[in-house]
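Everything below concerns the one structure shown next.
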Amino acid sequence: MKRICFSVLLLALMLIGAKTTLAQSFNAGLIAGATFSQVDGDSYYGFHKVGFTAGTYVSLPVANHFALQMELKYTQMGAHSSAKEIIENNYLAYNLRLHYAEIPLMLRYDFGHFTVYGKPLDNLALELGLSLDFLLKYRGEIEAATQTWRLNFFSVTGNFGLHYAFTKHLGIGARMMYSITPMQTNPNPLRLFDHSYNKVIQITLTYNLFSPLR
């Protein structure tokens with residue numbers, strides 16, 4: 001995890017240093033925010049696991065109102081039992097902490113074709129894409145006792161969200177993320193529906209270093 005954090009910091013410093021020379025060719029910036037997670041397939045429900053995400057991005061316009069955005073982020077996911085599940089369903093206390101390096105590739109569409117009271121909506125963007133997720137480490141606990149599970153090192157996640165630019169450089173984003181490939185695979189290949197999948201709501205602030213946010 002230290003290597004990933006160092007890589008994110010190094011990339012951020014490189015982007016800041018390149019600001020004056022590259023501002024006309026592409027956009028780049030910083031991302032930070034919160035995650036609310038659960039794992040489909042573990043019998044527990046609700047986005048009770050709270051974590052954070054942070055990283056950098058670069059965005060390149062590819063057509064009128066369209067852009068490709070690539071990101072590098074450290075993201076916490078996982079699952080956590082709720083008090084209601086423990087009391088009403090007699091579930092065991094459960095806590096799963098997942099630490100991922102995320103590489104999302106997003107297609108962004110701004111709503112500049114649409115107007116409200118004569119003002120174009122190019123400060124509002126739709127985001128759709130995939131991310132490659134690499135598990136850095138995890139910690140699982142049941143009744144405060146550490147558990148060992150076989151989790152997949154690599155998974156692919158679908159991302160869908162909206163981004164709104166408050167100012168030329170500051171914006172807020174909301175995404176729904178769901179694993180396309182399982183984060184944990186049942187060792188019995190015949191039990192295809194017993195796999196587990198990450199399900200995450202991600203709320204982030206973005207700070208654009210170069211051109212105004214679109």
Side-chain angles (χ1 to χ4, degrees), residues 1-2 4-5 8 31-55 71-106 126-164 172-206:
M1 186 176 68
K2 291 181 179 179
I4 296 297
C5 293
V8 171
I31 308 172
T35 58
F36 306 89
S37 310
Q38 63 174 305
V39 172
D40 277 2
D42 64 1
S43 300
Y44 292 78
Y45 301 95
F47 296 91
H48 303 302
K49 185 62 181 178
V50 180
F52 73 92
T53 183
E71 304 167 4
L72 173 61
K73 296 188 294 185
Y74 163 73
T75 301
Q76 294 179 339
M77 305 181 196
H80 197 289
S81 56
S82 67
K84 181 178 180 181
E85 289 174 319
I86 295 173
I87 296 173
E88 296 184 2
N89 301 330
N90 199 29
Y91 282 8
L92 299 176
Y94 164 61
N95 189 16
L96 175 61
R97 305 178 183 91
L98 303 173
H99 304 264
Y100 281 95
E102 269 194 286
I103 307 178
L105 180 61
M106 308 295 295
L126 177 70
E127 300 178 328
L128 182 65
L130 300 174
S131 65
L132 308 180
D133 300 340
F134 301 89
L135 183 64
L136 303 176
K137 68 174 185 178
Y138 81 94
R139 182 179 177 86
E141 297 175 350
I142 296 180
E143 294 291 298
T146 301
Q147 307 292 314
T148 300
W149 293 305
R150 296 181 61 182
L151 304 182
N152 295 332
F153 168 70
F154 171 75
S155 57
V156 179
T157 299
N159 293 261
F160 172 80
L162 291 171
H163 183 273
Y164 181 81
I172 187 170
R175 285 183 189 172
M176 185 69 193
M177 304 160 54
Y178 195 91
S179 299
I180 295 175
T181 62
M183 49 77 68
Q184 183 180 26
T185 304
N186 192 296
N188 185 346
L190 298 180
R191 300 179 64 180
L192 298 178
F193 299 102
D194 288 346
H195 304 330
S196 298
Y197 300 84
N198 286 316
K199 189 176 183 179
V200 184
I201 296 173
Q202 191 176 89
I203 308 295
T204 57
L205 290 175
T206 55

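Numbers for residues simply follow the sequence, beginning at 1. Just so we're clear, the structure is a prediction, and the values are computed from it rather than from any experiment.
In this structure Q38 satisfies the side-chain contact (heavy atoms from CB on, under 4.5 Å) test together with D40, F47, K199, sequence neighbours excluded. Residues passing the side-chain contact (heavy atoms from CB on, under 4.5 Å) test with T53 are T35, K73, T75, E102, Q202, T204, sequence neighbours excluded. F160 is linked by a ring-ring contact (aromatic ring centres under 6.0 Å, His included) to nothing, counting only residues two or more places apart in sequence or in another chain. By the side-chain hydrogen bond (donor to acceptor under 3.5 Å, both in side chains) test, N198 is found to be paired with Y100, residues two or more places apart in sequence or in another chain being considered. With sequence neighbours left out, the side-chain hydrogen bond (donor to acceptor under 3.5 Å, both in side chains) criterion links T146 to R139. For L205, the side-chain contact (heavy atoms from CB on, under 4.5 Å) partners at least two apart in sequence or on another chain are I172. In this structure S43 satisfies the side-chain contact (heavy atoms from CB on, under 4.5 Å) test with no other residue, sequence neighbours excluded. Applying the side-chain hydrogen bond (donor to acceptor under 3.5 Å, both in side chains) criterion to Q76, with sequence neighbours excluded, gives Y74.
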_Worked verdict on H163 versus M106 for side chain to side chain contact (heavy atoms under 4.5 Å, CB included)_ = CA-CA 12 Å; H163 183 273; M106 308 295 295; over 6 Å; no
*Run the numbers on L126 and L162 for side chain to side chain contact (heavy atoms under 4.5 Å, CB included), then give the verdict.*
CA-CA 5 Å; L126 177 70; L162 291 171; 3.8 Å; yes
*Verify side chain to side chain contact (heavy atoms under 4.5 Å, CB included) between F36 and I203, making sure each step is shown before the conclusion.*
CA-CA 9 Å; F36 306 89; I203 308 295; 4.2 Å; yes
_Worked check of side chain to side chain contact (heavy atoms under 4.5 Å, CB included) between L135 and N152_ = CA-CA 7 Å; L135 183 64; N152 295 332; over 6 Å; no
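Counting heavy atoms from C-beta on, the side chains of K49 and R97 come closer than 4.5 Å. Using a 4.5 Å cut-off on side-chain heavy atoms (C-beta onward), T206 and Y164 make no contact.
Taking CG of L105 as the start and CG of N159 as the end, the distance is 10.0 Å to the nearest 0.5 Å.
When all heavy atoms of Y138 and L98 are compared, the closest pair comes out as CB-CD2, 3.7 Å. The heavy-atom pair separating S81 from I86 by the smallest distance is OG-CD1, 3.7 Å. Annotation for H80 and N95: closest pair CD2-OD1, 3.3 Å, computed over non-hydrogen atoms. Scanning both residues, L96 and W149, for their nearest heavy atoms gives CD1-CZ3, 3.7 Å. In terms of heavy atoms, F134 sits closest to I103 at CE1-CD1, 4.0 Å.
The side chain to side chain donor-acceptor pair (under 3.5 Å) pairs that include a residue from residues 83-92 are S82-E85, where partners are two or more places apart or lie in different chains.
A donor-acceptor pair under 3.5 Å is absent between the side-chain atoms of Q184 and the main chain of P182, judged by distance alone.
Using modelled atom types, one finds no donor on one side chain facing an acceptor on the other under 3.5 Å when comparing D42 with S196.
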